[in-house]
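All remarks here apply to the structure that follows.
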Amino acid sequence: MELYNTLDRAVTDFVPIHEGRVTVYVCGPTVQSSPHLGHGRSAVSFDVLRRYLEWSGYDVMFVRNVTDIDDKIIDRAKAAGTTTDEIARESFVAFSSAYRSLGNLEPTIEPRATDHVGEMIALVELLIDSGHAYKSDGDVYFAVRSFPSYGKLSRHNVDDLRSGERIEPDERKRDPLDFALWKAAKPGEPEWDSPWGKGRPGWHIECSAMSSKYLGQPFDIHTGGSDLIFPHHENEIAQSEAAHGIPMANYWLHNGMLNLSGEKMAKSTGHVVTLHEALERWDPIAVRLFYLRTHYRKPLEFSESALDDAAASLSRLRSFRRRADRFLEGDADAEAIERFREAMDRDLDTAGALAVVFDVVRAGNTVMDEGGDATGHVLAFDEMMDVLGLVGDLDGKGDVDVSQIAADFGVPGATIDDLVELRTTLRAEKDWARADALRDRLAAVGITIEDSADGSTWHRS
RNA sequence: GGCGACGUGGCCGAGUGGUUAGGCAAGGGUCUGCAAAACCCUGGACCCGGGUUCGAUUCCCGGCGUCGCCUCCA
């Protein structure tokens with residue numbers, strides 16, 4: 001399998017440190033507000049990575065962190081007159097439920113920053129002792145120029161960065177590029193005891209501490225959004241590698257941004273469509289399909305029509321699977337599986353992989369139209385859909401109230417199946433008017449009926 | 001200014017030095033009481049200008065355009 005490694009700026013063969021085993025660290029969210037479609041894209045991209053690795057036979061340790069202490073969380077807690085814990089908890093619940101709706105597997109471990117302050121302090125001490133960090137007025141800073149390969153991930157060099165306009169001079173720093181490992185406590189803010197007095201960890205240090213605790217160093221794959229390459233991941237590398245003298249992670253994968261009206265979706269500007277809004281309006285699996293139609297490293301433009309397109313596309317997949325229930329014993333079509341694997345091996349080309357899925361759908365439909373055995377197609381379909389995680393409720397049967405329709409048609413208490421049966425009878429009697437009226441009534445409550453030579457079936461619209 | 005990505009048919013979007021991407025939408029047809037679903041057919045795409053090559057959408061150079069990062073960010 002080949003993966004694009006940001007460190008190399010190239011697609012390279014993936015070779016895990018330990019045969020048969022892969023360690024993955026996903027930069028999870030800072031739980032300060034509601035997740036938006038961009039967060040969902042990142043989560044889905046790397047959930048597919050994980051599913052594919054597992055399908056390929058690897059034992060995957062998948063760690064996704066939760067950063068539950070940071071400046072924004074503090075600001076929001078102050079503004080809302082509540083605690084940072086409360087803000088983080090609410091946001092975490094929102095992220096978890098949205099991620100689950102999108103069909104993402106639970107991480108093997110989901111560590112929280114606030115549970116690992118001790119590990120962070122130990123790491124900061126190590127950095128101070130080795131001369132890579134210094135105390136200043138209750139803060140601790142990482143000395144960027146003490147780490148010669150600083151910039152190797154983002155391909156920045158420290159002198160270019162120095163000329164950047166956005167760096168605010170700060171007399172507590174020896175060099176404007178230095179970044180905080182530890183911040184001295186301020187009144188009314190969360191604080192922890194440390195050798196440098198009360199305070200809290202800086203951003204970046206939690207990922208260095210938690211990744212090495214759970215995955216060791218180096219581990220195989222570190223992932224996140226491309227907007228984290230600099231400074232977040234660059235700083236993680238500096239911390240972890242300066243402290244331990246060995247690489248932090250071998251492969252760095254970054255997903256492309258989700259755009260809205262041509263610009264990156266970002267919570268800081270309010271330029272967002274929240275996952276909650278999107279999942280209200282579109283089937284969660286359609287949203288997942290929308291993500292996977294585009295290669296994970298490319299920018300992806302949000303639009304309503306793109307989501308509608310994905311939803312229509314999904315209904316094709318579901319229609320196929322719905323009619324294929326009879327063909328579940330046997331072997332998957334090996335050629336299709338092989339083509340699928342070739343696509344996925346190419347740096348997770350899910351768009352190419354989906355083309356294989358649709359090819360199988362067409363072939364399978366043709367076979368079924370001709371009354372043949374579609375087992376190979378159906379099993380290949382199921383296997384590929386499972387790897388992509390497009391496995392939500394196929395037809396969402398249930399929770400539709402048809403009691404009024406049943407009463408109106410003179411069969412009080414009838415179920416949807418009963419009503420479909422009734423319509424079959426009406427059709428046999430060539431009572432087209434009532435049969436069509438029943439179909440229309442059911443359509444009005446979201447039930448689509450399909451007639452075939454084998455009888456009628458229904459599904460949620 | 002520095003670093004980087006991208007520009008494919010009506011729309012979305014893979015891939016490739018010469019051979020079918022795929023989806024959605026559209027038109028025509030088959031099937032069907034009608035509908036839905038399905039299947040078949042149709043529309044010969046690769047930003048512009050150079051270069052390399054027998055041949056480039058695919059490689060190289062330049063231009064134009066869009067976007068990301070340059071300490072809030074998935």
Side-chain angles (χ1 to χ4, degrees), chain A residues 6 9 26-30 32 35-46 70-72 75 95 151 154-157 159-168 176-180 203-204 223-232 234-235 254-259 262-269 289-290 293-295 297-301 303 305-306 308-317 319-320 322-323 343 346 349-359 361-362 364-366 368-370 427 430 432 435-436 439-440 443 448-453 456-459 461:
Chain A
T6 305
R9 303 284 161 136
V26 176
C27 255
T30 299
Q32 49 153 314
H36 58 65
L37 277 166
H39 295 109
R41 182 185 193 194
S42 189
V44 167
S45 297
F46 301 123
D70 109 308
D71 292 352
K72 291 252 166 98
D75 292 346
F95 269 90
S154 58
R155 306 264 164 132
H156 285 125
N157 73 64
D159 297 313
D160 290 339
L161 287 168
R162 187 151 215 179
S163 64
E165 305 107 39
R166 290 178 63 182
I167 298 173
E168 300 279 326
L177 294 178
D178 293 349
F179 57 90
W203 188 38
H204 318 307
T223 76
S226 60
D227 53 352
L228 295 181
I229 295 171
F230 191 90
H232 186 51
E234 195 70 62
N235 290 353
H254 294 97
N255 64 278
M257 294 295 98
L258 188 80
N259 293 159
E263 283 177 28
K264 186 180 90 167
M265 204 172 269
K267 57 192 165 192
S268 59
T269 55
L289 183 59
F290 161 70
R293 296 191 311 172
T294 303
H295 186 91
R297 280 193 286 115
K298 279 203 163 185
L300 173 60
E301 175 74 24
S303 70
S305 63
D308 289 342
D309 186 317
S313 193
L314 177 62
S315 75
R316 174 169 169 79
L317 298 176
S319 294
F320 168 71
R322 212 181 279 125
R323 66 186 292 216
R346 227 171 25 236
D349 178 7
T350 52
L354 280 166
V356 180
V357 173
F358 281 100
D359 283 346
V361 166
R362 183 183 304 100
N365 272 325
T366 300
M368 285 190 275
D369 281 354
E370 292 167 351
R427 291 179 68 220
K430 297 198 189 300
W432 308 125
D436 291 353
R439 184 174 62 199
D440 290 345
T448 299
I449 291 184
E450 294 179 11
D451 300 329
S452 76
S456 301
T457 59
W458 67 271
H459 62 89
S461 306

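Residue numbers begin at 1 in each chain, while the letters A, B, ... track the order of the sequences. Everything numeric in this text was worked out from a predicted model, so none of it was measured. These values consider heavy atoms only, across backbone and side chains, with no hydrogens, waters or symmetry-generated copies.
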When rounded to whole Å, the CD to C1' distance for the pair A:Q32 and B:rC73 reads 8 Å
How are the rings of A:H39 and A:F95 set relative to one another: parallel (under 30°), tilted (30 to 60°) or perpendicular (over 60°)? perpendicular
Could you work out, with side chain to side chain donor-acceptor pair (under 3.5 Å) as the rule, every residue matching A:T30, not counting sequence neighbours? none
Euclidean distance, atom NE2 of residue A:H36 to atom C1' of B:rC73 [Å, nearest integer]: 8 Å
On RNA chain B, compare the nucleotides closest to A:S315 and A:R297; which residue's is nearer the 5' end? A:R297
B:rA25 and B:rG10, which share atom name C1', separated by this distance in whole Å: 8 Å
Report yes if some heavy atom in the side chain of A:N259 is under 4.5 Å from a heavy atom in the side chain of A:L300; otherwise report no. no
Any base atoms under 4.0 Å from A:K298, or only sugar-phosphate, or nothing? Heavy atoms, all strands. sugar-phosphate
Checking all strands, does A:H295 fall into the base, sugar-phosphate, or nothing category for heavy-atom contacts under 4.0 angstrom? sugar-phosphate
With a 4.0 Å cut-off on heavy atoms, is A:G224 in touch with a base, just the backbone sugar-phosphate, or nothing at all? sugar-phosphate
Interatomic distance where NZ belongs to A:K264 and C1' belongs to B:rC70 [whole Å]: 12 Å
Categorize A:L289 for me: base, sugar-phosphate, or nothing, with a 4.0 angstrom heavy-atom threshold over every strand shown. nothing
Applying side chain to side chain contact (heavy atoms under 4.5 Å, CB included), can you list everything that pairs with A:S452, at least two apart in sequence or on another chain? A:D454
In whole Å, what separates the C1' atom of B:rC54 from that of B:rA74? 48 Å
Between A:E301 (side chain) and A:L258 (backbone), is there a donor-acceptor pair under 3.5 Å? no
Base, sugar-phosphate, or nothing: which does A:R155 touch, judged by heavy atoms less than 4.0 Å apart? sugar-phosphate
Pairwise P distance for B:rC67 and B:rC12, with rounding to whole Å: 15 Å
Taking atom P in both B:rG44 and B:rC61, what distance in whole Å separates the two? 33 Å
B:rA14 to B:rA21 separation - P atoms, rounded to the nearest Å: 15 Å
Range-with-range stems for RNA chain B, at least three Watson-Crick or G-U pairs under 3.5 Å: B:1-7 with B:64-70, B:10-12 with B:22-24, B:26-30 with B:38-42, B:47-51 with B:59-63
Counting only side-chain heavy atoms from C-beta out, which of B:rA14, B:rG68, B:rC39 sits nearest to A:D369? B:rC39
How long is the line joining CZ of A:R41 and P of B:rG68, in whole Å? 14 Å
Looking across every strand, which nucleic acid part, if any, lies under 4.0 Å from A:S305 by heavy atom: base, sugar-phosphate, or nothing? nothing
Distance below 4.0 Å between A:W458 side-chain N/O and B:rA36 OP1 or OP2: no
Rounded to whole Å, please give me the gap between CG in A:L300 and C1' in B:rA5. 15 Å
Students often get this wrong, so: under 4.0 angstrom with heavy atoms, is A:M265 touching a base, only sugar-phosphate, or nothing? base
A:E234 side-chain N/O to A:S154 backbone N/O, donor-acceptor pair under 3.5 Å: yes
Please assess A:R297 against A:D349 for the test salt bridge (charged side-chain N to carboxylate O under 4.0 Å, His left out), listing each intermediate value before the final yes or no. CA-CA 10 Å; A:R297 280 193 286 115; A:D349 178 7; over 6 Å; no
Distance check needed: B:rC72 C1' versus A:E263 CD, whole Å only. 16 Å
Spacing of the P atoms in B:rG51 and B:rG9 (rounded, Å): 26 Å
Please report, rounded to the nearest Å, how far the P atom of B:rA5 is from the CG atom of A:L258. 21 Å
So, are A:R362 and A:D359 salt-bridged, with charged N and O less than 4.0 Å apart? yes
Beyond-backbone contact of A:T223 with A:N255, side-chain heavy atoms, under 4.5 angstrom: no
Could you tell me how far B:rG28 sits from B:rG33 if I compare only their C1' atoms? Round to whole Å. 23 Å
Would you please name every residue forming a salt bridge (charged side-chain N to carboxylate O under 4.0 Å, His left out) with A:R439, sequence neighbours left out? A:D436
Any base atoms under 4.0 Å from A:I229, or only sugar-phosphate, or nothing? Heavy atoms, all strands. nothing
Taking the side chain of A:N365 as its heavy atoms from C-beta onward, which of B:rG68, B:rC39, B:rA14 lies nearest to it? B:rC39
Using the salt bridge (charged side-chain N to carboxylate O under 4.0 Å, His left out) criterion, which residues pair with A:D227? Sequence neighbours excluded. A:K264
Heavy atoms under 4.0 Å, any strand shown: does A:N255 hit a base, just sugar-phosphate, or nothing? base
Base versus backbone protein contacts along nucleotides 17-34 of chain B [heavy-atom cut-off under 4.0 Å; B, S, -]: ----BSBS--------BB
If I take atom NE2 in residue A:H232 and atom C1' in nucleotide B:rC73, what distance separates them, rounded to the nearest angstrom? 10 Å
A:E450 side chain: which of B:rG13, B:rA36, B:rA74 is closest? B:rA36
In whole Å, what separates the P atom of B:rG18 from that of B:rC60? 15 Å
Of A:E370, A:R316, A:R323, which is the lone residue that meets side chain to side chain donor-acceptor pair (under 3.5 Å) with A:N365? A:R323
Between B:rU71, B:rA14, B:rA38, which nucleotide has the shortest distance from any of its atoms to the side chain of A:L177? B:rU71
Do A:K72 side-chain and B:rC73 base share a donor-acceptor contact under 3.5 Å? no
